[in-house]
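For reference, the structure discussed in these notes is given below.
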Amino acid sequence: MDQQTLAIALWGFAVLTLLGIFFGFALAAAALRFKVPVNPVVEAVRDQLPSANCGACGFAGCQAYAEAVVKRPEVSTSLCAPGRESVARALAELTGKAMGEVQDRIVVMRCHGTSAYARDEAEYAGVETCAAAAMVFGGPKACKNGCLGLGDCVRACPFGALSLGGDGIAVVDTEVCTGCAVCVPVCPKELFELYPRARRIELSCVAKDKQSVVRATCMVGCTLCRKCVSKCPAGAITWDGKTIVIDHDKCLAYGPACNEVCVDICPSTILHRVGQRPRPEQPEPAAAPAPVEVSS
């Protein structure tokens, strides 16, 4: 390598080194100039949250809730549904606030119109989502209020609490469900509703159609006979002019004196105790005809 080439190489190295030092100092100065101060309490609160970013608290993710609960006195420490009581207690200790009431809730899928009980009236061949299917005459099922079984809710659930069984409807794993309610607005049929985890009864039908329509489309649909409304001793079951409504707080507050007569009187078994699936009454098999003797 001659002297001229060596000089060019050394000058290039020196220039690049100086540029690197200059831009390094410039970036450091910019970082100091635009540094955002971090509240250590916010960071501590953020570390306690489950990082699901489900929005159940009403804020746009866990970071937004952490900032709000620290900086705003009116924001409760008990808004994180997935975190439940343990997270609410930790947030109360970190922020110095009183721990609000924690409601342990889950979602209940208000449809038991499985493929065995609810008939199809068409074959759907479009985009495989419930939202798309519902736009085509309400979907392929004869019951226009029932689960379409295409899994929009399953894909939306951040905790894996929803699945599609082989019987054509979504299934909630209540042990895994946190009550975040992300699935509630996703369902085009509005089938998901928040229930207390300690609920007594469930209504597994949105109950909107007349008896004749229900009988023609689903073997376990609510016929709106309203016997449960008149027989509930706690007055927890009402009719709002469109469907059956259950006040679970009132139902639970009634105490052990409740004999759940509402469940026993329901002719379609769609109002049932927790853990029991509604089943249609199967007709008794016809008696075999008596043998006829033929004389020769």
Tell me, with the steps shown, if Ile244 and Arg226 meet side chain to side chain contact (heavy atoms under 4.5 Å, CB included).
-> CA-CA 8 Å; Ile244 302 296; Arg226 287 179 260 178; 4.0 Å; yes
Nearest atoms (heavy-atom pairs only) where Pro140 meets Leu148 | CD-CD2, 3.9 Å
For Arg84 and Cys177, the nearest pair of non-hydrogen atoms, with its separation, is NH2-O, 2.9 Å
Passes salt bridge (charged side-chain N to carboxylate O under 4.0 Å, His left out), Asp264 versus Arg273? Steps please.
-> CA-CA 9 Å; Asp264 297 327; Arg273 295 176 178 86; 3.1 Å; yes
Give the cluster check for Val69 versus Leu49: same hydrophobic cluster or not, with ILVMFWY residues linked at side-chain heavy-atom distances below 4.5 Å.
-> yes
Asn53 side chain vs Cys62 backbone, donor-acceptor pair below 3.5 Å | yes
The reported gap from SG in Cys183 to CG in Leu194 (rounded to nearest 0.5 angstrom) is 7.5 Å
Roughly how far, to the nearest 0.5 Å, is the SG atom of Cys228 from the CD1 atom of Ile265?
-> 8.5 Å
Test of ring centre spacing under 6.0 Å for Tyr117 and His112 | no
Interatomic distance, Phe59 atom CZ to Cys54 atom SG [nearest 0.5 angstrom] = 12.5 Å
Shared hydrophobic cluster, Ile237 / Val263 (ILVMFWY, side-chain heavy atoms < 4.5 Å) | yes
Is a side-chain donor or acceptor of Arg110 paired with a backbone partner of Glu202 at a separation under 3.5 angstrom?
-> no
Looking only at heavy atoms, what is the nearest atom pair of Val214 and Cys222, with distance?
-> CG2-O, 3.4 Å
Trp239 reachable from Val213 in the ILVMFWY side-chain graph, under 4.5 Å edges = no
Spell out, yes or no, whether Met109 and Val184 are grouped together once hydrophobic residues are joined by side-chain heavy atoms under 4.5 Å, including indirect joins.
-> yes
Spatial distance of atom CG (Leu162) from atom SG (Cys157) [nearest 0.5 Å] = 4.5 Å
Using atom types as modelled and distance alone, determine if a side-chain donor or acceptor of Asn145 lies under 3.5 Å from a backbone N or O of Cys205.
-> no
Worked verdict on Arg89 versus Glu85 for salt bridge (charged side-chain N to carboxylate O under 4.0 Å, His left out) = CA-CA 6 Å; Arg89 183 177 295 106; Glu85 186 175 350; 2.5 Å; yes
Would you mind reporting whether Pro196 and Leu252 have side-chain heavy atoms less than 4.5 Å apart?
-> yes
Would a 4.5 Å heavy-atom cut-off, applied to side chains only, mark Ser51 and Arg46 as touching?
-> yes
Pairwise distance CD(Glu193) to CD1(Ile106) - rounded to 0.5 angstrom = 11.0 Å
Closest approach of Leu164 to Gly149 (non-hydrogen atoms, all atoms of both residues) | CD1-O, 3.6 Å
Shortest non-hydrogen contact from Ala132 toward Tyr124 | CB-OH, 3.5 Å
In a check of side-chain contact (heavy atoms from CB on, under 4.5 Å) between Glu67 and each of Val42, Val75, Asn39, Val41, which one passes?
-> Val42
Closest non-hydrogen atom pair between Cys262 and Leu271, with its separation = O-CD2, 3.6 Å
Check: Cys111 and Ser204 side chains under 4.5 Å, non-hydrogen atoms = no
Is a side-chain donor or acceptor of Lys97 paired with a backbone partner of Leu91 at a separation under 3.5 angstrom?
-> no
If you draw a 6.0 Å radius around CD in Glu123, do more than 12 non-hydrogen atoms from other residues or ligands fall strictly inside?
-> no
Under a 4.5 Å cut-off applied to non-hydrogen side-chain atoms, are Pro233 and Val261 in contact?
-> yes
Report yes if some heavy atom in the side chain of Ile246 is under 4.5 Å from a heavy atom in the side chain of Arg199; otherwise report no.
-> no
Is there a donor-acceptor pair closer than 3.5 Å between any side-chain N or O of Lys231 and the backbone N or O of Glu260?
-> no
When clusters are formed by joining ILVMFWY residues with side-chain heavy atoms under 4.5 Å apart, either directly or through shared neighbours, do Leu191 and Val172 land in the same one?
-> yes
Rounded to the nearest 0.5 Å, what separation is found between the CE atom of Met99 and the OG atom of Ser78?
-> 8.0 Å
Should Phe23 and Leu18 count as side-chain neighbours, where that means a heavy-atom distance under 4.5 Å?
-> no
Is Arg215 reaching over with its side chain to a backbone N or O of Lys210, donor-acceptor style, under 3.5 angstrom?
-> no
Less than 4.0 Å between a side-chain N and a carboxylate O, is that true for Asp104 and Arg197?
-> yes
Are any side-chain N or O atoms of Lys141 and backbone N or O atoms of Cys147, one a donor and one an acceptor, separated by less than 3.5 Å?
-> yes
Could you walk me through whether Asp209 and Leu224 pass the side chain to side chain contact (heavy atoms under 4.5 Å, CB included) check?
-> CA-CA 8 Å; Asp209 290 328; Leu224 299 179; over 6 Å; no
Side chain to side chain contact (heavy atoms under 4.5 Å, CB included) between Tyr195 and Leu203: does it pass, once the steps are laid out?
-> CA-CA 10 Å; Tyr195 275 34; Leu203 178 65; 4.1 Å; yes
Begin from the C-alpha positions of Leu27 and Phe22 and carry the test side chain to side chain contact (heavy atoms under 4.5 Å, CB included) through to its verdict.
-> CA-CA 9 Å; Leu27 289 173; Phe22 171 77; over 6 Å; no
Ignoring hydrogens and geometry, is there a side-chain-to-backbone donor-acceptor pair from Ser86 to Gly83 under 3.5 Å?
-> yes
State whether the number of non-hydrogen atoms from other residues, nucleotides or ligands found under 6.0 Å of Glu43 atom CD is greater than 12.
-> yes
Ile201 and Val274, any side-chain heavy atoms less than 4.5 Å apart | no
Is a side-chain donor or acceptor of Ser268 paired with a backbone partner of Val220 at a separation under 3.5 angstrom?
-> no
Within 6.0 Å of CZ in Phe137, more than 12 heavy atoms from elsewhere | no
Can a donor-acceptor pair be found between the side chains of Arg155 and Thr129 at a distance below 3.5 Å?
-> no
With the side chain counted from C-beta on, respond yes when Cys225 and Gln211 share a heavy-atom pair under 4.5 Å apart, and no when they do not.
-> no
